[in-house]
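No hydrogens, no waters, no symmetry mates; every other heavy atom, side chains included, goes into these values. In each ligand, atom 1 is the first atom listed, and ligand 1 is the first ligand listed.
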Amino acid sequence: MQPFNYHYFIGYVSQVTPQYIKIHFPSSTLLSKFIFSGEEFNGGLVGTYISIEGENYGFIGQLQEIEVLEKERLSLSETAFKNQEFHPTAKAEILLSFNLFDMKKVTKGANVYPTIGAKVFVCTKEFVQQYVQGFGKKKKEELLINIGYLNSDNQTEVTVSQQSFFGRHCAVVGTTGGGKSWSLSKLIEEARKNNTKCILLDPTGEYSSYPGEHCILSDNSYFSYRKLAISDLFFLLKPSERAQAPKLLEAIKTLKTLEIARRQGELDCYFANGEAKNYLLKAGKNKREFVEMQRKYYEEIDSNELNFDIKYLPRQIQGECVWEVDNRNPNLWGGKSETDSANCISLVTRTNAFVNDKNYKSILGIGDMNGKKDLAEAITRFLSVANNETLLRIGFEKVGYDFNVREIIANALAKYLLNLAREKMFKENPTIFFLDEAHQFLNKRVTDDSFTSYSLNAFDQIAKECRKYGLFLCIATQMPRDIPVGTLSQMGTFLVHRLINYNDKEAIKQSCATANSSILAYLPILGEGEAILTGVDFPMPLLLKVNPPVNKPDSATPQFKL
Ligand SMILES: Nc1ncnc2c1ncn2[C@@H]1O[C@H](COP(=O)(O)OP(=O)(O)O)[C@@H](O)[C@H]1O
Ligand SMILES: [Mg+2]
């Protein structure tokens with residue numbers, strides 16, 4: 001592997017600055033296309049990779065601008081071009097430097113600089129490929145993923161370490177039609193080849209034809225409300241903070257107590273012979289015994305789970321609207337409180353609408369769920385070591401867009417995975433959680449009646465803590481500026497497709513913090529499937545063309561018919 005071969009010589013370094021170097025070409029012929037040992041070289045194309053021979057260090061860089069000297073510009077004519085009688089110069093960016101005596105020793109950016117007069121060569125395919133393949137590799141034997149080809153020559157394979165690519169979470173960004181979903185599919189395919197388990201949250205059903213297990217919410221599966229946290233129910237029911245939230249909490253506690261009472265055969269005195277212990281109208285009833293029972297089972301009752309029959313929640317909220325104690329007998333609850341009742345009317349109405357809504361019922365498994373899969377169970381089954389399946393698709397295509405339900409369910413699901421991660425479910429068997437169209441789910445807030453808003457931050461938390469638990473996020477989004485800053489800063493790898501919006505470009509620039517960010521100038525002009533790969537573990541950004549996946553997501557824009 002010889003980085004400097006006089007056959008590939010193109011010019012000399014003529015100026016060195018911290019940001020870029022200038023190259024002088026002794027003759028413009030050196031820039032024209034030539035073929036050497038069967039490989040095609042192109043010295044004059046912007047984007048070409050070059051190597052520079054320093055004293056102790058070698059450098060890899062990329063041509064950025066090529067121009068003709070001012071004094072020659074005036075005399076440019078067609079004959080001059082033909083005879084190639086001009087002496088162009090080029091600006092290039094140093095991407096990395098390597099030790100001449102130990103070429104595997106690479107440093108990112110330029111800590112050392114080439115000297116004036118250093119020779120510049122075009123890089124061979126093998127040379128660049130060898131560097132790229134070592135990207136992120138920490139051990140000798142490592143799982144690799146093949147993403148595509150370098151854009152500069154369309155033949156240098158980009159194969160990188162899977163651990164480095166996914167190990168610090170990864171974001172695929174770009175405007176619609178840039179190729180995010182295709183790239184995500186490619187990444188899923190590559191990870192599956194390595195037997196890595198992938199959970200995919202598919203918001204639109206684009207991936208429904210993929211081989212794997214499919215849990216389509218509200219269709220063949222439900223995500224049991226019992227797996228939600230109390231805060232999720234708050235997001236959904238939006239109680240006002242002062243008047244309604246305490247009653248809602250109290251009602252939840254009561255229903256949980258009743259669930260335990262049914263199981264343990266307790267609290268019979270509250271219910272007439274054989275009467276179902278479904279809900280409790282508290283007015284005038286014995287408070288003491290009930291509170292004692294709650295004390296006994298406080299752990300289960302105060303837990304964050306929704307372990308109760310939610311059908312009875314509206315009636316129970318009404319049942320809670322009583323005076324704290326009876327004036328004459330402190331052991332009893334007082335009578336019905338009209339003020340509380342009036343305050344809770346809107347909450348009861350909303351709760352009623354919620355538990356009877358056809359959509360919610362089938363998404364959250366309220367009522368009879370004959371023959372449908374419980375998503376939480378499906379996830380546990382999927383993750384079990386004995387299971388060979390590598391893809392679990394959670395389809396949201398049947399989930400409506402009303403009442404923030406998508407964000408809330410996605411957030412609850414993320415929280416469920418977060419908890420599994422904290423229980424070390426992924427430690428032995430790291431799993432990648434893919435999320436397409438992440439802007440639909442990230443950075444969302446839900447506002448309640450009194451305009452207090454809650455943020456849905458489960459994905460944020462996964463990004464912040466789950467790396468060490470072996471649950472890795474790979475999100476695709478149109479709008480990087482919509483990713484919470486905290487999440488964005490946790491992303492170690494970026495695959496950036498075409499980006500036009502200034503703020504989006506800035507967001508990416510800020511977070512990939514490489515010495516060499518001028519490659520990002522390409523962002524607005526990238527074609528379909530073209531992308532820039534940058535990452536903490538990758539010594540230099542790469543402009544590449546992503547290989548099309550075998551299974552293609554179905555995202556074609558509907559065509560007007562003739
Ligand atoms: N790697 C690729 N190679 C070839 N064509 C691609 C590639 N990626 C995307 N495309 C083309 O671009 C279109 C849009 O890609 P898609 O992934 O759906 O974009 P996005 O998810 O960013 O909106 C695809 O239908 C396909 O025709
Ligand atoms: Mg898409």
Side-chain angles (χ1 to χ4, degrees), residues 47 132 145-160 165 170-193 198-210 214 391 393-397 399 401 406-407 410 432-442 459 473-483 491 493-501 503-505 507-508 520 522-534 541-560:
V132 172
I145 53 169
N146 169 251
I147 310 172
Y149 292 95
L150 283 186
N151 217 19
S152 53
D153 62 1
N154 258 325
Q155 38 186 342
T156 312
E157 274 191 28
V158 178
T159 304
V160 298
F165 194 95
C170 149
V172 179
V173 297
T175 46
T176 317
K180 296 181 301 296
S181 300
W182 278 44
S183 293
L184 217 56
S185 305
K186 180 69 194 157
L187 294 174
I188 293 173
E189 277 174 15
E190 288 294 310
R192 292 182 76 181
K193 272 188 209 156
C198 303
I199 298 177
L200 164 67
L201 201 164
D202 175 9
T204 54
E206 277 180 53
Y207 304 82
S208 50
S209 65
Y210 285 34
H214 297 258
L391 176 67
R393 183 180 78 93
I394 303 170
F396 268 47
E397 59 263 39
V399 179
Y401 286 81
R406 297 184 138 238
E407 314 57 315
I432 310 171
F433 184 19
F434 290 90
L435 173 64
D436 201 354
E437 305 281 335
H439 55 276
Q440 287 189 21
F441 306 107
L442 296 179
F459 287 100
L473 263 186
C474 179
I475 61 174
T477 181
Q478 290 169 19
M479 292 176 278
R481 76 199 116 121
D482 270 7
I483 306 177
M491 297 283 153
T493 310
F494 286 89
L495 192 60
V496 193
H497 288 276
R498 186 173 58 236
L499 267 187
I500 295 161
N501 182 291
N503 293 327
D504 285 337
K505 280 189 287 180
I508 292 304
L520 302 181
Y522 286 97
L523 287 178
I525 53 164
L526 292 176
E528 282 174 353
E530 292 174 353
I532 292 171
L533 170 66
T534 79
L542 296 172
L543 188 56
L544 55 93
K545 180 128 179 82
V546 180
N547 281 339
V550 178
N551 289 292
K552 299 179 176 51
D554 177 16
S555 57
T557 315
Q559 301 289 316
F560 287 113

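Taking the salt bridge (Lys or Arg N to Asp or Glu O under 4.0 Å) definition, one finds that Glu189 meets it with nothing, sequence neighbours left out. Partners of Thr176 by side chain to side chain contact (heavy atoms under 4.5 Å, CB included), not counting sequence neighbours, listed by chain and number: Gln478.
Backbone and side-chain nitrogen or oxygen atoms of Glu437 are examined, and none is located within less than 3.5 angstrom of a nitrogen or oxygen of ligand 1. Note: no N/O pair closer than 3.5 Å links Ser183 and ligand 1 by distance alone.
For ligand 1, the atoms sitting less than 4.0 Å from at least one non-hydrogen atom of Thr176 are 23 (O), numbered in the order shown with element in parentheses. Contact atoms of ligand 1 toward Thr175: 22 (O) (distance under 4.0 Å to a heavy atom of the residue). Set against the non-hydrogen atoms of Gly179, the atoms of ligand 1 under 4.0 Å away are 8 (N), 9 (C), 15 (O), 16 (P), 17 (O), 19 (O), 20 (P), 22 (O). When each atom of ligand 1 is checked for a heavy atom of Val546 under 4.0 Å away, the hits are 1 (N), 2 (C), 3 (N). Numbered from 1 in the order shown, with element, the atoms of ligand 1 that lie under 4.0 Å from a heavy atom of Gly529 read 1 (N), 2 (C), 7 (C), 8 (N).
The residue from Arg498, Glu528, Lys180, His497 that puts a heavy atom closest to atom 13 (C) of ligand 1 is Glu528.
At least one heavy atom of Gly177 sits closer than 4.0 Å to an atom of ligand 1. Note on ligand 1: Gly178 sits in its first shell, one or more heavy atoms being nearer than 4.0 Å.
The closest side-chain heavy-atom distance from Leu187 to Val172 is below 4.5 Å.
Not one N or O on the side chain of Glu528 forms a donor-acceptor pair closer than 3.5 Å with the backbone of Gly179. Side chain of Lys552 to main chain of Trp182: no donor-acceptor pair is present (N/O by atom type, distance under 3.5 Å, no hydrogens or angles). Remark: side-chain polar atoms of Asp504 are paired, donor with acceptor, to backbone N or O of Arg481 under 3.5 angstrom.
Judged by the 6.0 Å distance and 45° axis criteria, Arg406 is not positioned over the aromatic ring of Phe441.
Going from atom CG of Leu526 over to atom CG of Leu544 covers 9.5 Å, rounded to the nearest 0.5 Å.
Backbone or side-chain N, O or S atoms of Thr204 do not reach the Mg ion (ligand 2) at under 2.8 Å.
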